Amino acid sequence: MGTPEAEYAAFEEKVKRTVYLDNISPQVTDIVVRTALSQFGTVKNVQFIPDYFKSRNTAQCALVEMENPKQADAIVSEIAQFPFMMAGMPRPVRACPAKVEMFDDRPAKPGRNISCRWLEPNDPDFEVAQKLKRLTKKHAAEASSLLKQQLQEEENLAKQQNEALKANYKKYEMIDSVIADGTARHLAKRYKMRIADD
């Protein structure tokens with residue numbers, strides 16, 4: 001390993017070529033993300049960010065490392081201009097450049113010291129912290145309600161797509177059997193129509 005400064009500089013380069021994706025459907029997997037973003041370049045790594053406070057069926061977010069910063073910039077600009085769907089889900093994915101704070105394996109920044117302390121009730125920042133806590137709880141309740149509704153819509157869409165697929169497959173099987181057993185030729189002959197062999 002090199003010096004802490006060199007290690008941190010290499011990490012910053014990794015951050016520059018990484019994209020943060022948000023609002024990803026729970027049905028989307030690593031392979032789906034790689035396939036969807038391979039049109040922009042080589043995907044080096046996909047890391048889903050777990051949210052331990054939400055259920056497993058909620059929207060996901062991920063850090064996607066590309067081969068170079070140019071590819072990462074292309075993803076961000078393309079998704080900002082056009083809705084980007086993954087796996088046919090009606091949930092447009094959002095993208096933004098990754099930030100250092102998003103990585104749980106980030107090295108310590110050279111020369112930086114972090115200290116934590118408890119706030120006393122008479123501290124001026126205590127009331128601000130209480131307001132932020134109440135606001136966070138309110139936001140979490142609203143987000144949970146919206147996510148439940150969105151998940152229900154996605155499940156309904158998945159069922160509709162599955163039913164449409166089954167119906168189309170039955171039609172295909174029927175057409176295939178009509179052609180295979182000669183009924184199509186017989187009908188074409190009867191109504192004086194020409195049909196191609198292929």
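Here the structure is a predicted model, which means the values were calculated and not measured.
When the side chains of ILVMFWY residues are joined at heavy-atom separations under 4.5 Å, either directly or via intervening members, Val19 and Val32 end up in a single hydrophobic cluster. In terms of hydrophobic clustering, with Ile, Leu, Val, Met, Phe, Trp and Tyr side chains grouped at heavy-atom distances under 4.5 Å, Leu37 and Ile49 are assigned to different clusters. One hydrophobic cluster, built from ILVMFWY side chains closer than 4.5 Å, cannot hold both Ile175 and Leu187; they sit in different ones. Criterion: ILVMFWY side-chain heavy atoms under 4.5 Å apart, direct or through other members. Under it, Val76 and Tyr20 are not part of a common hydrophobic cluster. The hydrophobic clustering, which links ILVMFWY residues whose side-chain heavy atoms are closer than 4.5 Å, places Leu63 and Val100 together.
Within the model, atoms CD of Glu7 and CD of Glu5 stand 10.0 Å from one another, a figure rounded to the nearest 0.5 Å. Interatomic distance, CZ of Phe11 versus CZ of Arg106, reported as 7.0 Å (0.5 Å rounding). Summarising the geometry, atom CD belonging to Gln152 is positioned 12.0 Å from atom CG belonging to Leu157; distances are rounded to the nearest 0.5 Å. Remark: Leu21 CG to Ile75 CD1 distance equals 7.0 Å, nearest 0.5 Å. Atom CZ of Arg190 and atom OG1 of Thr183 lie 13.5 Å apart (nearest 0.5 Å). Separating the CG atom in Leu135 from the NZ atom in Lys137 is a distance of 12.0 Å, to the nearest 0.5 Å.
Taking 4.5 Å as the limit, every side-chain heavy atom of Pro110 sits out of range of all side-chain heavy atoms of Thr3.
No side-chain donor-acceptor contact under 3.5 Å links Ser144 to the backbone of Ala140. For the pair Asn168 (side chain) and Ala164 (backbone), a donor-acceptor distance under 3.5 Å is present. Distance alone, capped at 3.5 Å, places no donor-acceptor pair between the Ser145 side chain and the Glu142 backbone. Side chain of Ser25 to backbone of Val28: no donor-acceptor contact under 3.5 angstrom is found.
Closest approach of Cys96 and Met102 over heavy atoms only: SG-CE, 4.5 Å. Contact record, Asp123 with Asp125: OD1-N, 2.9 Å, taken as the closest heavy-atom pair. Val43 and Ser38 make their closest contact through CG2-N, 4.3 Å (heavy atoms, listed as atom of the first residue, atom of the second, distance). Of all the heavy atoms in Tyr8 and Pro107, the pair that sits closest is CE1-O, 3.6 Å. Contact between Ile79 and Val93 at its shortest, heavy atoms only, is CG2-O, 3.1 Å. Shown here for Ala129 and Leu119, the closest heavy-atom pair between the two residues is CB-CD1, 3.9 Å.
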Please test Val46 against Phe48 for side chain to side chain contact (heavy atoms under 4.5 Å, CB included), starting from the C-alpha separation and ending with a verdict. CA-CA 7 Å; Val46 176; Phe48 285 97; 4.0 Å; yes
Passes salt bridge (charged side-chain N to carboxylate O under 4.0 Å, His left out), Arg134 versus Glu127? Steps please. CA-CA 11 Å; Arg134 286 191 294 270; Glu127 186 59 35; 3.5 Å; yes
Could you walk me through whether Gln47 and Asp104 satisfy the side chain to side chain contact (heavy atoms under 4.5 Å, CB included) test, starting with their C-alpha distance in whole Å, then the side-chain angles of each, then the deciding distance to 0.1 Å, before giving a yes or no? CA-CA 11 Å; Gln47 178 189 356; Asp104 59 354; 3.6 Å; yes
Checking side chain to side chain donor-acceptor pair (under 3.5 Å) for the pair Gln160/Asn156: CA distance, chi angles, key distance, verdict? CA-CA 6 Å; Gln160 288 174 354; Asn156 292 341; over 6 Å; no
Full working for side chain to side chain contact (heavy atoms under 4.5 Å, CB included) between Met66 and Thr42: CA-CA 6 Å; Met66 301 302 288; Thr42 305; 6.0 Å; no
As a quick check of understanding, evaluate side chain to side chain contact (heavy atoms under 4.5 Å, CB included) for Arg17 and Glu65, giving each step before the final call. CA-CA 6 Å; Arg17 63 178 183 264; Glu65 183 184 354; 3.0 Å; yes
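Electrostatic pairing of Glu163 and Lys166 does not count as a salt bridge here, judged by no charged N lying under 4.0 Å from a carboxylate O.
Using a 30° and 60° split on the angle between ring planes, Phe84 and Phe40 fall in the tilted class, from 30° to 60°.
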